[in-house]
**Q** 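There's a structure below that I have some questions on.
Note on naming: letters A, B, ... go to the chains in the order of the sequence lines (proteins, then strands), and numbering restarts at 1 for each one.
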2 protein chains.
Amino acid sequence: MAVKLPPLSSLRVFEAAARHGSFTRASEELGMTQAAVSYQMKILEERVGTPLFLRRPRQVVLTETGQRIAPIITEAFELLRAAFVMAEDTSHNFLSITTVTTFATNFLAERIGSFQILHDDIAVRLDTSMSLVDFTREDCDLGIRSGDGQWQGVEAHLLIPAIFSPMLSPDLAQSIGGIKKPSDLLKLPLIDASDPWWKLWFDSMGVQSKEFHGNKRSRMGIQMLEARAAEAGQGVAILTPDFYRDALRRGSLVQPFNEICCDEGRGYWLVYPKARRNIPKIKKFRDWLLNEVQKHACSL
Amino acid sequence: MAVKLPPLSSLRVFEAAARHGSFTRASEELGMTQAAVSYQMKILEERVGTPLFLRRPRQVVLTETGQRIAPIITEAFELLRAAFVMAEDTSHNFLSITTVTTFATNFLAERIGSFQILHDDIAVRLDTSMSLVDFTREDCDLGIRSGDGQWQGVEAHLLIPAIFSPMLSPDLAQSIGGIKKPSDLLKLPLIDASDPWWKLWFDSMGVQSKEFHGNKRSRMGIQMLEARAAEAGQGVAILTPDFYRDALRRGSLVQPFNEICCDEGRGYWLVYPKARRNIPKIKKFRDWLLNEVQKHACSL
DNA sequence: CATAACACATAAAATCTCCTTATGCATAGT
DNA sequence: ACTATGCATAAGGAGATTTTATGTGTTATG
């Protein structure tokens, strides 16, 4: 590192001037004036301590020293150019998404294939993780998070509102002669009774109960497990109907009441740094995902 | 050429920051403030269109894109550094001298070896050519020229004054019974009677003659030939005694008169661009040559 | 747990670099 | 000789870069 380099701008100029054997031609290539080239070469020669060009009548030619370094400088610039071509390639064709598990398993997994087909030049990497991503410290283009959509500096699109309703297997419902009123559910085991949504839901249905407490933190990350347990007839789960549309259609789960409880504003959001909203790959994914959500909503 | 590079200064900063994994360390290495590094990286990331670093608590780490380009950028900078090490090497260890033939054959040739021995790290290239070198258009470090020392922008050291005196072989002198007075020379053939120095010399000796005219341009470039002819007894030549010290000592030539003619200020000069007077190799050669001239003068 | 230490971000102001304009000079070609 | 071409140079200014000063968040420490 001991070697301190000359002003880099003068190197770019040198590279062009050496290639052309002319300051005027170089200035044209670089989009600057001939005077600027001359000035830069003067700077560079002063810094290097030895002339790099011989000023001949209608051209300049490299000195011995100039001849030796010119090809090396050219090579170095080729490398730099190559690096940025690669960078653009990477940043255009590589989309990294971090998503909460629930959304990935219940929505994204079965649809992401269509995005790949639509944009086969973009390689998608899906990371599932719990915590809310901070884009300044994680190498991610997009995130899908649950919350209220109030985040600083990010663009957020609501995908699926966080609404909940009890669900159970038809067999289990049958076992107590069907579910007629909300309190019927209390005859059956509640899967994870500590889930705060239970209390919210029963409250909104006018059913009093001391059973339901615990903090109000979302347990959405493990909805899938609760759904599986419910399908297996092990009890009643409180789930987001949007994610179990298929199960309801198939009949492996039933939703006895249309009433849902929701926490206004909460839900699953697509988020990304505001500053990057116009980057093509981000636009493409956003448009695709919002369209998928739209289709999903219409399929009701 | 289609790829336009990001600001090069930001690349130098990136290279250092990537190497250190720290903006603060990089700023120390580069001798600037941490704020400047932060600013440059912001610029670069904006230009590339994608983050290059992830800001982690006590450090920064490269993103995927950053990781890809970092080694390439580093390599490019190594190349640039190598180029300038080489340039310095070339410019330090390669000394190119252009000299008039006379001085080379009569003075330099027999002494240059001692310079090589003294500075075996410097490769000397001797070019002999007639014309006065313009350092801005010839790839030369030093020149030895004849003239009056009045040149623009160059440092000039007088080496050997241009003084002349008739010389001839002892046998030829003997053939007319020895040379007693200047006019005796007129009994013998003058080698190149058109040489203007003849007229000057006879004039200064008080000998009138219509024979001598021609322009006053120095013929020094061909002195060697005239000397050879004189040694061979073909006539009388008017030569610079300093250059034929050996011949005089050996007795192959005699100088019948101590009187010389000289043109004040004219002579052989060491010249080089004023701006480059402090460059080591130039100082070394100058000091060596002036010392050799000194020794020569003392050996009278 | 509070506090100090550390690292990066940001805003405003001061520099300083670099470019352009305008011009001069030398050479080559007509 | 005269014109065109190409580089050098000076002056002036626009813009980039750096510094100073300060803020925020994190880790380490008592």
**Q** Does A:Arg56 have a side-chain nitrogen or oxygen under 4.0 Å from the phosphate oxygens OP1 or OP2 of C:dT27?
**A** no
**Q** Starting from C1' on D:dA16, measure out to CG on B:Leu8 and report it in whole angstrom.
**A**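 Result: 13 Å.
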**Q** Below 3.5 Å between N/O atoms, which protein atoms pair up with nucleotides 17-19 of chain D? Just atom names and distances, please.
**A**
| unit_1 | atom_1 | unit_2 | atom_2 | d |
| --- | --- | --- | --- | --- |
| D:dT17 | OP1 | B:Ser9 | OG | 3.2 |
| D:dT18 | OP2 | B:Gln40 | NE2 | 2.7 |
| D:dT19 | OP2 | B:Thr33 | N | 2.7 |
| D:dT19 | OP2 | B:Thr33 | OG1 | 3.0 |

**Q** Tell me: CD of A:Glu46 to C1' of D:dA8, nearest whole Å?
**A**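 After rounding, the gap between these two atoms is 13 Å.
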**Q** I need the CG-P distance between A:Leu30 and C:dC18, as an integer number of Å.
**A** 14 Å
**Q** D:dC7 C1' sits how many Å from A:His20 NE2, rounded?
**A** 16 Å
**Q** Please determine if a side-chain N or O atom of A:Ser38 lies less than 4.0 Å away from the OP1 or OP2 oxygen of D:dA8.
**A**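 So the side chain of A:Ser38 is within the cut-off, an N or O lying under 4.0 Å from OP1 or OP2 of D:dA8.
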**Q** Between B:Ser22 and C:dA7, is there a contact of a side-chain N or O with OP1 or OP2 at under 4.0 Å?
**A**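 No, no such contact exists.
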**Q** CZ of A:Phe53 versus C1' of D:dG6: gap in Å, rounded?
**A**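 Checked: the CZ to C1' distance equals 14 Å.
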**Q** Can you identify which nucleotide, out of C:dA7, D:dC7, C:dT10, has its nearest atom closest to the A:Phe23 side chain?
**A**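 Ranking C:dA7, D:dC7, C:dT10 by closest atom to the A:Phe23 side chain puts D:dC7 first.
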**Q** A:Val271 pairs by side-chain contact (heavy atoms from CB on, under 4.5 Å) with which of A:Ile144, A:Leu142, A:Val154?
**A** A:Val154
**Q** Consider only side-chain N and O atoms of A:His157 and A:Tyr272, and report whether a donor and an acceptor are under 3.5 Å apart.
**A** yes
**Q** Figure out the CG/C1' separation between B:Leu54 and C:dA9, and round it to whole Å.
**A**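 So the CG-C1' distance, B:Leu54 to C:dA9, works out to 16 Å.
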**Q** Assess whether a salt bridge exists between B:Glu15 and B:Arg19, defined as any Lys/Arg side-chain N lying under 4.0 Å from an Asp/Glu carboxylate O.
**A** yes
**Q** Return yes if a side-chain donor-acceptor contact under 3.5 Å exists between B:Thr98 and B:Arg145, otherwise no.
**A**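 Yes, B:Arg145 and B:Thr98 have a side-chain donor paired with an acceptor closer than 3.5 Å.
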**Q** Out of D:dC7, C:dA28, C:dA9, which has the shortest distance to the side chain of B:Arg55?
**A** C:dA9
**Q** For A:Thr24, which contact category applies under a 4.0 Å heavy-atom criterion: base, sugar-phosphate, or nothing?
**A** sugar-phosphate
**Q** Assign the ring pair B:Phe107 / B:Phe103 to parallel, tilted or perpendicular, where the plane angle (0 to 90°) is split at 30° and 60°.
**A** parallel
**Q** Look at the side-chain N and O atoms of A:Arg58 and state whether any lies under 4.0 Å from the OP1 or OP2 oxygen of D:dA4.
**A**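 So the side-chain polar atoms of A:Arg58 never come under 4.0 Å of the phosphate oxygens OP1 or OP2 of D:dA4.
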**Q** About how many Å separate CD of B:Glu75 and CG of A:Leu80, when rounded to the nearest 0.5 Å?
**A**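 The distance works out to 10.0 Å.
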**Q** Figure out the CD/P separation between B:Gln59 and D:dA28, and round it to whole Å.
**A**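 Value for this atom pair: 11 Å.
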**Q** What is the separation between atom CG on A:Leu44 and atom P on C:dC19, rounded to the nearest whole Å?
**A** 13 Å
**Q** Has the side chain of B:Lys283 got a donor or acceptor atom that lies under 3.5 Å from a matching backbone atom of B:Arg277?
**A** no
